[in-house]
Amino acid sequence: MTILKYVWFGLLLASIYLIYSENYFQITWHFLPKELKNLIHIFSKTELELLDINKTEKVFTKDELKKYNNIENGLYLSILGQVFDVTKGAKHYEPGASYHIFVGCDASLAFVTGEFDENEITDDVSELSLEKIKALDDWVQFYKTNYIYKGKLSGRYFNEDGSPTIESLKIKQKLIDAKKEIENEEKKKKLFPTCNIEWKANIGTTLWCSKRSGGIERDWIGVPRMYFEMPGSKQHRCACVNLDSKEYKENKGNFKEYNGCSTTSIKCNIK
């Protein structure tokens, strides 16, 4: 099984080299299956983070990491298999402090759930949504910026030699998908900007559109509509819509008028 793993890994790297060398890129890339394109993207130079297999880099076992849970030995924690020295933040991480639960182990799930029960501490984040995976990666970036990176933790995300596991690659793919989803959402906000909203006890909620509502500068005003990301969904936000636009006509099923609001009114009061 170990031999097959390295054969597969070698073939993947060879494919990357071939594709990025000579003049074959445009032709070869077009015919590659989506799954291989995703893996190549993960292993490309812009995604070196997971391929950073430094033979001199420390790879901790779970038992070794457990020793770094006090001021004398140092305070280390792991998130998505990456180990950081947080000793300089001892007031937050030392025994008895609020975040000591994270020290000496990988408690990745708790970073986004806020569940600090010792019996529920786990590094398994496979059930998290793309949005929460992105939030977890924001924590990783926080530790990289503010604390000292010490190495990797062998187990769910890295092998004993520091190479990424399949689970690690899955997380990386989810991050790519999450970034795409965020980009798509930003595009939608530009097409369907958020309404201005004000609440007063005597009149309720007032919704209105302007040429700058939602922070989006434009040459049209629009009318308030309930915007549902997916038809049939119960979750919605107030969006300013240009009724004459092609985008509105193509996504008409995602919108619903507010009760008591005139079809063409740019301002509505809703109870």
Side-chain angles (χ1 to χ4, degrees), residues 79 91-92 97-99 101-102 107-117 120 125-143 145-146 171 174-271:
I79 178 169
K91 65 180 180 179
H92 302 297
S98 302
Y99 300 128
I101 193 71
F102 293 110
S108 293
L109 187 63
F111 279 93
V112 289
T113 63
E115 298 291 338
F116 293 172
D117 187 331
E120 296 180 11
V125 298
S126 57
E127 299 300 317
L128 289 181
S129 65
L130 294 182
E131 181 181 7
K132 289 187 176 180
I133 288 291
K134 177 62 174 65
L136 188 57
D137 184 61
D138 289 341
W139 275 109
V140 174
Q141 303 312 315
F142 167 79
Y143 283 105
T145 301
N146 295 281
I171 293 296
K174 282 187 175 183
L175 278 172
I176 293 171
D177 293 341
K179 289 174 183 176
K180 288 179 180 177
E181 194 172 86
I182 291 170
E183 288 174 2
N184 290 336
E185 182 58 29
E186 288 302 314
K187 289 178 182 178
K188 288 178 182 177
K189 284 183 179 179
K190 289 181 179 179
L191 291 174
F192 311 120
T194 304
C195 309
N196 296 307
I197 301 176
E198 183 181 57
W199 181 86
K200 291 183 179 180
N202 58 331
I203 62 173
T205 301
T206 302
L207 310 170
W208 75 98
C209 296
S210 66
K211 288 186 177 181
R212 296 185 63 186
S213 52
I216 307 298
E217 296 271 1
R218 54 193 187 274
D219 58 5
W220 52 273
I221 296 176
V223 297
R225 289 289 186 273
M226 286 186 278
Y227 174 50
F228 299 84
E229 288 289 334
M230 297 293 292
S233 171
K234 294 181 179 179
Q235 298 289 332
H236 70 274
R237 67 175 174 87
C238 181
C240 291
V241 176
N242 182 351
L243 298 178
D244 296 322
S245 69
K246 178 183 72 172
E247 291 78 17
Y248 170 68
K249 292 172 182 176
E250 290 176 348
N251 296 275
K252 201 170 182 178
N254 295 67
F255 295 94
K256 184 179 178 181
E257 291 185 21
Y258 284 97
N259 291 331
C261 186
S262 171
T263 300
T264 57
S265 176
I266 66 172
K267 190 173 186 177
C268 303
N269 289 325
I270 59 174
K271 297 295 183 181

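All values derive from a computational prediction rather than experimental measurement.
When the side chain to side chain donor-acceptor pair (under 3.5 Å) test is applied to S265, no partner is found at least two apart in sequence or on another chain.
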Audit row: C240, C195, disulfide (SG to SG under 2.5 Å) steps and yes/no: CA-CA 6 Å; C240 291; C195 309; 4.0 Å; no
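Applying the side chain to side chain contact (heavy atoms under 4.5 Å, CB included) test between S108 and each of I171, L128, V125, V140 identifies V125 as the sole match. Between K134 and the options L130, L136, D138, a side chain to side chain contact (heavy atoms under 4.5 Å, CB included) holds for only D138. Checking each of L207, I203, N259 against I270 for a side chain to side chain contact (heavy atoms under 4.5 Å, CB included) leaves exactly one that passes, namely L207.
No side-chain heavy atom of Y248 sits less than 4.5 Å from a side-chain heavy atom of N242. Side-chain atoms of I266 and W208, non-hydrogen and from C-beta on, never get closer than 4.5 Å to each other. Inter-residue side-chain proximity for T206 and N196 is flagged as unmet; no heavy-atom pair is nearer than 4.5 Å. Within the 4.5 Å cutoff, side-chain heavy atoms of T194 are placed close to those of R237. Looking only at side-chain heavy atoms (C-beta outward), E247 and K187 stay at 4.5 Å or farther from each other.
The aromatic rings of Y143 and F111 stand perpendicular to each other, their planes meeting at an angle above 60°, with 30° marking the opposite boundary. Taking the six-membered ring where tryptophan is involved, the planes of F142 and W139 are perpendicular, since the angle between them exceeds 60° and thus also 30°.
Evaluation of the salt bridge (charged side-chain N to carboxylate O under 4.0 Å, His left out) test over residues 195-211, restricted to residues two or more places apart or in two chains, returns none.
Atom-to-atom distance recorded for L191:CG and E186:CD is 11.5 Å, nearest 0.5 angstrom. Note that CD1 of I176 and CD of E181 are 14.0 Å apart. Values are rounded to the nearest 0.5 Å. In this structure, the separation between OH on Y258 and NE2 on H236 is 4.5 Å, given to the nearest 0.5 Å. Going from atom CD of E183 over to atom NZ of K180 covers 8.5 Å, rounded to the nearest 0.5 Å. Note: L243 CG to K252 NZ = 8.5 Å, rounded to the nearest 0.5 Å. Rounded to the nearest 0.5 Å, atoms NZ (K179) and CG (N184) are 14.5 Å apart.
The shortest heavy-atom contact between F192 and A239 is O-CB, 3.8 Å. Annotation for F228 and K256: closest pair CE1-CB, 3.9 Å, computed over non-hydrogen atoms. Residues C261 and E257 come closest through the heavy atom pair O-OE1, 4.0 Å.
A donor-acceptor pair under 3.5 Å links the side-chain atoms of K174 to the main chain of S126, judged by distance alone.
Within 6.0 Å of the NZ atom in K132, the count of heavy atoms belonging to other residues, nucleotides or ligands does not exceed 12.
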Enumerate donor-acceptor pairs with a distance under 3.5 Å from any side-chain N or O in residues 214-227 to protein atoms, sequence neighbours excluded.
| unit_1 | atom_1 | unit_2 | atom_2 | d |
| --- | --- | --- | --- | --- |
| E217 | OE2 | R212 | NE | 3.0 |
| R218 | NE | W220 | O | 3.2 |
| R218 | NH1 | S213 | O | 3.0 |
| R218 | NH1 | I216 | O | 2.9 |
| R218 | NH2 | S210 | O | 2.5 |
| R218 | NH2 | S213 | OG | 2.6 |
| R218 | NH2 | I221 | O | 3.2 |
| R225 | NH2 | T263 | O | 2.8 |

